[in-house]
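Everything below concerns the one structure shown next.
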Amino acid sequence: MERRNFIKQGCVACMAFMGAGVLLESCSPGLSLLKTTVKNKSLVVPLNKFSGTTNLLVVRGSGLENDILLVKNENSFKALNMKCTHEGVGLTATDKKIFCSAHGSVFDFNGKVLKEPALRPLTEFPTEINDDTIIIHLT
Ligand code: FES
């Protein structure tokens with residue numbers, strides 16, 4: 001291979017790799033994402049993030065291995081760790097379900113397994129409503 005072609009193909013490969021990184025940044029298409037900071041082993045989410053009809057929010061805490069899916073139910077919130085209980089791969093949420101791209105497990109918004117090979121439900125973090133915020137406790 002000529003040097004010029006080698007460099008050209010290398011540049012194309014690098015650009016494709018960078019593009020994949022951008023796609024991985026938002027691995028829950030169509031859902032709102034809140035990036036926030038972990039403080040005192042907690043994440044604080046403003047309640048107004050759930051104004052309107054949305055009942056799902058992806059929360060990305062600084063330094064956390066996986067995102068958290070915050071699900072609004074009537075007057076309570078469920079915070080699900082987006083880590084597959086099969087082999088620990090990060091999950092993707094849509095407005096319908098939560099999917100694992102590794103081996104095909106599917107979970108509902110209660111964290112319950114809808115499709116194996118995962119057998120255990122998703123880990124849930126305790127939540128608390130305090131004034132106009134939702135606090136996710138990372139215990
Ligand atoms: S790691 Fe999710 S199904 Fe295997």
Side-chain angles (χ1 to χ4, degrees):
M1 179 182 297
E2 283 183 31
R3 184 170 188 262
R4 178 176 288 187
N5 282 343
F6 176 78
I7 292 171
K8 197 172 172 182
Q9 288 178 357
C11 287
V12 169
C14 284
M15 290 179 74
F17 185 73
M18 288 169 55
V22 169
L23 289 175
L24 289 174
E25 173 76 12
S26 60
C27 51
S28 290
L31 299 185
S32 297
L33 171 69
L34 174 71
K35 293 181 181 178
T36 186
T37 306
V38 177
K39 289 181 185 161
N40 299 322
K41 295 185 179 178
S42 300
L43 293 167
V44 177
V45 177
L47 258 176
N48 66 11
K49 292 290 177 187
F50 286 90
S51 59
T53 57
T54 185
N55 63 348
L56 300 170
L57 178 69
V58 177
V59 180
R60 184 166 296 162
S62 58
L64 291 183
E65 182 185 356
N66 297 97
D67 290 343
I68 294 171
L69 183 65
L70 193 55
V71 183
K72 181 181 178 188
N73 297 308
E74 295 288 325
N75 296 318
S76 65
F77 290 88
K78 188 176 282 281
L80 299 172
N81 191 10
M82 298 277 284
K83 180 177 184 175
C84 186
T85 56
H86 179 230
E87 291 184 358
V89 172
L91 299 170
T92 300
T94 69
D95 61 348
K96 304 277 188 268
K97 293 175 183 134
I98 303 167
F99 298 90
C100 181
S101 60
H103 311 108
S105 288
V106 180
F107 302 85
D108 68 12
F109 294 134
N110 288 310
K112 183 180 156 197
V113 177
L114 297 177
K115 184 178 170 211
E116 296 180 6
L119 299 174
R120 291 174 285 118
L122 298 180
T123 303
E124 186 178 343
F125 297 108
T127 60
E128 167 190 359
I129 298 175
N130 188 355
D131 293 328
D132 56 352
T133 62
I134 307 147
I135 301 171
I136 304 171
H137 297 284
L138 306 170
T139 54

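Fair warning: this is a prediction, and the values are worked out from it, not measured in the lab. All ligand and atom numbering here is 1-based and tracks the order in the structure.
Between atom 2 (Fe) of ligand 1 and H86 there is no N/O/S contact shorter than 2.8 Å. Using a cut-off of 2.8 Å, one finds that C100 contributes an N/O/S atom close to atom 2 (Fe) of ligand 1. At least one N/O/S atom of H103, from backbone or side chain, sits under 2.8 Å from atom 4 (Fe) of ligand 1.
Judged by distance alone, with hydrogens and angles left aside, the side-chain atoms of T133 form no donor-acceptor pair with the main-chain N or O of I135 at under 3.5 Å. A distance-only check finds a donor-acceptor pair linking the side chain of D108 to the backbone of N110 [under 3.5 Å].
Taking only non-hydrogen atoms, the option from E87, K115, E116 nearest to atom 1 (S) of ligand 1 is E87.
Of all non-hydrogen atoms in I136 and A79, the two that sit nearest each other are CG2-CB, 3.8 Å. The minimum heavy-atom distance linking L33 with R60 is given by the pair CD2-NH1, 3.7 Å.
Protein heavy atom at the shortest distance from atom 3 (S) of ligand 1 is S105 OG, 3.2 Å.
The only member of T92, L34, D67 that meets side-chain contact (heavy atoms from CB on, under 4.5 Å) when paired with V58 is D67.
Ligand 1 places these atoms under 4.0 Å from at least one heavy atom of V89: 1 (S).
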